[in-house]
Amino acid sequence: LEVPPHRGIFKRNSVMTLGSTEENDYERWQEDPSSLQWYSADSQQEAEGINPDECEAHEKYINNLANAVCSSLCRSTLEKYAASSYDRDPLLSQLVRDRYMVQQASSQLVGRSKYLQLIRHYLEADTTSPFVVYGEDGFGKTSVMAKAIVQASQKFNKKPKPIIVHRFLREKTHATTFMESILHQLQLVSGKPTAVTGPLSQIELIHAFRKTLASVGAMQNVFLFVDGMENISERDNGLSFQWLPRLLPPGVRMVLCINASCKTGLHALQKRIQGKRAFSLKVRGLKEDEQTQFIERILAKSKRTLSEA
């Protein structure tokens, strides 16, 4: 949209009027594209009722409006493209949801420094056993996992950087679906083709899963964080976790979190990691001062505070 420097007329809903010069109009349209109305600019040598001194303000208004329209169109296009991309690629959708979970849950963590230190120690240790995190519902297991992921990406940032893969399982997931997803991501981030070349039986998929972990782990460290292991489906004995390697290949670490209320799954995981170098962590409830700090942090987001009764 261009406005000549000497005359400016705005056409709004087919009525010739002077355009509003309120600068917050275009900001409002950026926030709510659905409120956009069509505007057009025209010029003429003589226009009754138009003050030439106002033309600069009109030109600024049109420029701001044009920028708002372009910004809104770009954002809408990207959102629609992203949505269609997620539909086409379930892995992309999963990664976006999990990344959002990491950001949200890690910001809510209060205390827990000893838990995080233990997880860091495990990632650095020479061990072939998975690490099991468990606890009751609502005790902050997910926040601990999310913060551990953030710290791992910050601490182990020297080349070659480890491949950090994380999953937050929030609905029932078949073990084969889980393994296929991990295989797909490892293939993408490592650039190394996996052993999956087509539909595989469960036994073939388990073999491919273990083989891929070993081959990628031989090139660079692989840290796999999985929260919500209780949501692995019981179908085909998935909750027995027999599909998980009892001994991890060199360079591979697994931090697996499960709700203690899932006694069958917890028992199976603990049985799977038995050994001298086994790692396990029980997440307990917050202490009283930590509870207060957590509540204050939540209230601060809505600009509220606790007051004495």
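Sequence positions, counted from 1, serve as the residue numbers for this chain.
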> Among all residues two or more places apart in sequence or in another chain, which pass the side-chain contact (heavy atoms from CB on, under 4.5 Å) test with R120?
Replying inline: L116, Q117, Q151, K155
> Sequence neighbours excluded, which residues qualify as side-chain hydrogen bond (donor to acceptor under 3.5 Å, both in side chains) partners of Q103?
Replying inline: none
> Can you name the side-chain hydrogen bond (donor to acceptor under 3.5 Å, both in side chains) partners of N221, sequence neighbours left out?
Replying inline: none
> Got a sec, which residues hit ring-ring contact (aromatic ring centres under 6.0 Å, His included) with F168, two or more places apart in sequence or on another chain?
Replying inline: none
>> For residues 209-238, which residue pairs pass the ring pair (Phe, Tyr, Trp, His ring centres under 6.0 Å) check, not counting sequence neighbours?
In response: F156-F223
> By side-chain contact (heavy atoms from CB on, under 4.5 Å), which residues pair with L118, not counting sequence neighbours?
Replying inline: F131, L281
> Knowing that exactly one of S280, C257, S261 qualifies, which makes a side-chain contact (heavy atoms from CB on, under 4.5 Å) with Y134?
Replying inline: S280
>> Holding to side-chain hydrogen bond (donor to acceptor under 3.5 Å, both in side chains), I want the full list of residues that pass it with R167, two or more places apart in sequence or in another chain.
In response: S181, Q185
>> Tell me every residue that passes side-chain contact (heavy atoms from CB on, under 4.5 Å) with A105, counting only those two or more places apart in sequence or in another chain.
In response: M101, T142, S143, A146
> Got a sec, which residues hit ring-ring contact (aromatic ring centres under 6.0 Å, His included) with F139, two or more places apart in sequence or on another chain?
Replying inline: none
> Are any side-chain N or O atoms of T173 and backbone N or O atoms of E171, one a donor and one an acceptor, separated by less than 3.5 Å?
Replying inline: yes
>> My understanding is that only residues two or more places apart in sequence, or in another chain, count here; which of them pass side-chain contact (heavy atoms from CB on, under 4.5 Å) with H174?
In response: T176, T177, R235, D236
>> The criterion is ring-ring contact (aromatic ring centres under 6.0 Å, His included); which residues satisfy it with Y100, sequence neighbours excluded?
In response: none
> Of all residues at least two apart in sequence or in a different chain, which pass the side-chain hydrogen bond (donor to acceptor under 3.5 Å, both in side chains) check with E204?
Replying inline: S201
